[in-house]
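Only one structure is covered here, and it is reproduced in the block below.
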2 protein chains.
Amino acid sequence: MRIGELAARAGTTTRTLRYYESRGLLPARRGGNGYRTYDEDDLKLLRQIRTLQDFGFDLEETRPFVECLRAGHPEGDSCPASLVVYRRKLAELDTLIEQLTSVRAQVAAQLTRAEAAVPGGPEPKCELGGHG
Amino acid sequence: MRIGELAARAGTTTRTLRYYESRGLLPARRGGNGYRTYDEDDLKLLRQIRTLQDFGFDLEETRPFVECLRAGHPEGDSCPASLVVYRRKLAELDTLIEQLTSVRAQVAAQLTRAEAAVPGGPEPKCELGGHG
DNA sequence: GTAAGCCTTGACGCGGACGTCAAGGCAAGA
DNA sequence: TCTTGCCTTGACGTCCGCGTCAAGGCTTAC
């Protein structure tokens, strides 16, 4: 299959596939006319990349998974190198979520504090004495 | 005070201050020699910007806070427009944290599944039959 | 033969918040 | 006077994953 079809079947664009090739992540064979040619295995590799990208993995981080599949393993994460990436990503996510949660709490505190001093801010929610 | 001193006192760089000025966020008066001149109020504005930046606010999102201070209010969040930004940011943070938590769970599940099939991966933690 | 629709490479654009370099002006100390 | 260290503007570089032309070639349908 050619680049347009592969892109369509993976729900991405030809530009993206050329970009992956430029990064050495998804090289393509060439037909006699210079057109890129792909097969079903390439589709599988591409889907692996896309899934990880959707999870927020950097492109480089998908490489072990791709190489794992290309080595003949049934899944991209059937290799130790892929598991290392998983674990690192989990740690990164934990750190990030922790930071964001901390920031959220601080912003919420600031908001609460500020609302108590701004006209039209507080808007008592369920106390007596108001119909509008 | 001049740009270098202000930058140092706020823990940032002169480049950053010039950038803020180029965005109209922190304009500076000029001395007879063309040098930028700042006062203590500018330091307060700058600290407000930096605090919000550290929270992950976009530069544009700090503008209401800066204008609030410049309007003479005691705090950058003493104005309704600032509270609107706070609330929007809280919503963004909630969405983001939720997404990241979801991704974390999915990655953790993949890791668990994959570990059960890779040599050297599982490493039973507390079951019988292993001292090394 | 020609228009449509695919493909090719090359190269610039984007967003955000600056970093970094270049070329030069101004002020103060030895 | 010369050096040092601050300051000025201008402009390109960074990171990342592409989007978006531009100019042209191949193939197929009519």
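A note on names: the letters A, B, ... follow the listed sequences, proteins ahead of strands, and every chain is numbered from 1.
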Next item on the list: Check whether any side-chain heavy atom of Ser82(B) sits under 4.5 Å from a side-chain heavy atom of Gln110(A), and report yes or no.
Entry: no
Next item on the list: Report yes if some heavy atom in the side chain of Arg29(B) is under 4.5 Å from a heavy atom in the side chain of Asp39(B); otherwise report no.
Entry: yes
Note to self: Arg9(A) vs Asp42(A), test: salt bridge (charged side-chain N to carboxylate O under 4.0 Å, His left out). Steps then yes/no.
What the structure shows: CA-CA 11 Å; Arg9(A) 288 180 64 184; Asp42(A) 290 317; over 6 Å; no
Item checked: Difference in axis direction between the ends of the helix from dG1(C)-dC30(D) to dA30(C)-dT1(D), five pairs, 10° -> 40°
Notebook entry, point to check: Restricting to pairs with a member in residues 18-74 of chain A, which pass disulfide bond (SG atoms under 2.5 Å apart), not counting sequence neighbours?
Noted result: Cys68(A)-Cys79(A)
Notebook entry, point to check: Can you list every disulfide bond (SG atoms under 2.5 Å apart) pair that touches residues 3-66 of chain B, not counting sequence neighbours?
Noted result: none
Check: Under 3.5 Å, is there a donor-acceptor pair between the Arg15(A) and Tyr20(A) side chains?
Finding: no
Interatomic distance, [X] [atom1] vs [N] [atom2] [rounded to whole Å]:
{"X": "Ile3(B)", "N": "dC6(D)", "atom1": "CD1", "atom2": "P", "value": "13 Å"}
{"X": "Leu17(B)", "N": "dT9(D)", "atom1": "CG", "atom2": "C1'", "value": "16 Å"}
{"X": "Glu21(A)", "N": "dT8(C)", "atom1": "CD", "atom2": "C1'", "value": "11 Å"}
{"X": "Glu5(A)", "N": "dC7(C)", "atom1": "CD", "atom2": "C1'", "value": "14 Å"}
{"X": "Asp58(A)", "N": "dC15(D)", "atom1": "CG", "atom2": "P", "value": "13 Å"}
{"X": "Leu25(A)", "N": "dC16(D)", "atom1": "CG", "atom2": "P", "value": "14 Å"}
{"X": "Arg23(A)", "N": "dG17(D)", "atom1": "CZ", "atom2": "P", "value": "9 Å"}

So, does [X] get its side chain near the phosphate of [N], meaning an N or O under 4.0 Å from OP1 or OP2?
{"X": "Arg2(A)", "N": "dC26(D)", "result": "no"}
{"X": "Tyr19(B)", "N": "dG19(C)", "result": "no"}
{"X": "Tyr20(A)", "N": "dC18(D)", "result": "yes"}
{"X": "Ser22(B)", "N": "dG10(D)", "result": "no"}
{"X": "Arg18(A)", "N": "dG19(D)", "result": "no"}
{"X": "Thr13(A)", "N": "dG19(D)", "result": "yes"}

Next item on the list: Give, ordered by number, those residues of residues 36-57 of chain A having at least one heavy-atom distance below 4.0 Å to an atom of DNA chain D; if nothing qualifies, reply none.
Entry: Arg50(A), Gln53(A)
Next item on the list: Please list residues of residues 92-103 of chain A whose heavy atoms come under 4.0 Å from any atom in DNA chain D, ordered by number; otherwise none.
Entry: none
Under the salt bridge (charged side-chain N to carboxylate O under 4.0 Å, His left out) test, which residues partner [X], sequence neighbours left out?
{"X": "Arg18(B)", "answer": "none"}
{"X": "Glu98(A)", "answer": "none"}
{"X": "Arg30(A)", "answer": "Glu21(A)"}

Margin query: Taking side-chain contact (heavy atoms from CB on, under 4.5 Å) as the definition, give me every residue that meets it alongside Leu90(A), ordered by chain and number, with sequence neighbours left out.
Written below: Arg104(B), Val107(B), Ala108(B), Leu111(B)
Next item on the list: Run the numbers on Glu115(B) and Leu83(A) for side chain to side chain contact (heavy atoms under 4.5 Å, CB included), then give the verdict.
Entry: CA-CA 7 Å; Glu115(B) 274 178 337; Leu83(A) 300 188; 4.2 Å; yes
Check: When you match Thr12(B) and Gly4(A) each to their closest nucleotide on DNA chain C, which lands nearer the 5' end?
Finding: Gly4(A)
Notebook entry, point to check: Is a side-chain N or O of Thr14(A) found less than 3.5 angstrom from the main chain of Ile3(A), in a donor-acceptor match?
Noted result: no
List the atom pairs, donor and acceptor, that lie under 3.5 Å between side-chain atoms in residues 51-60 of chain B and the rest of the protein, sequence neighbours left out.
residue  : atom : partner  : partner atom : Å
Thr51(B) : OG1  : Arg47(B) : O            : 2.9
Glu60(B) : OE1  : Arg63(B) : NE           : 2.9
Glu60(B) : OE2  : Arg63(B) : NH2          : 2.6

Item checked: Sequence-distant partners of Arg2(A), side chain to side chain donor-acceptor pair (under 3.5 Å), two or more places apart -> none
Margin query: I need a per-nucleotide contact map over nucleotides 20-26 of chain C, read 5' to 3'. Cutoff is protein heavy atoms under 4.0 Å; write B for the base, S for backbone only, - otherwise.
Written below: B----BB
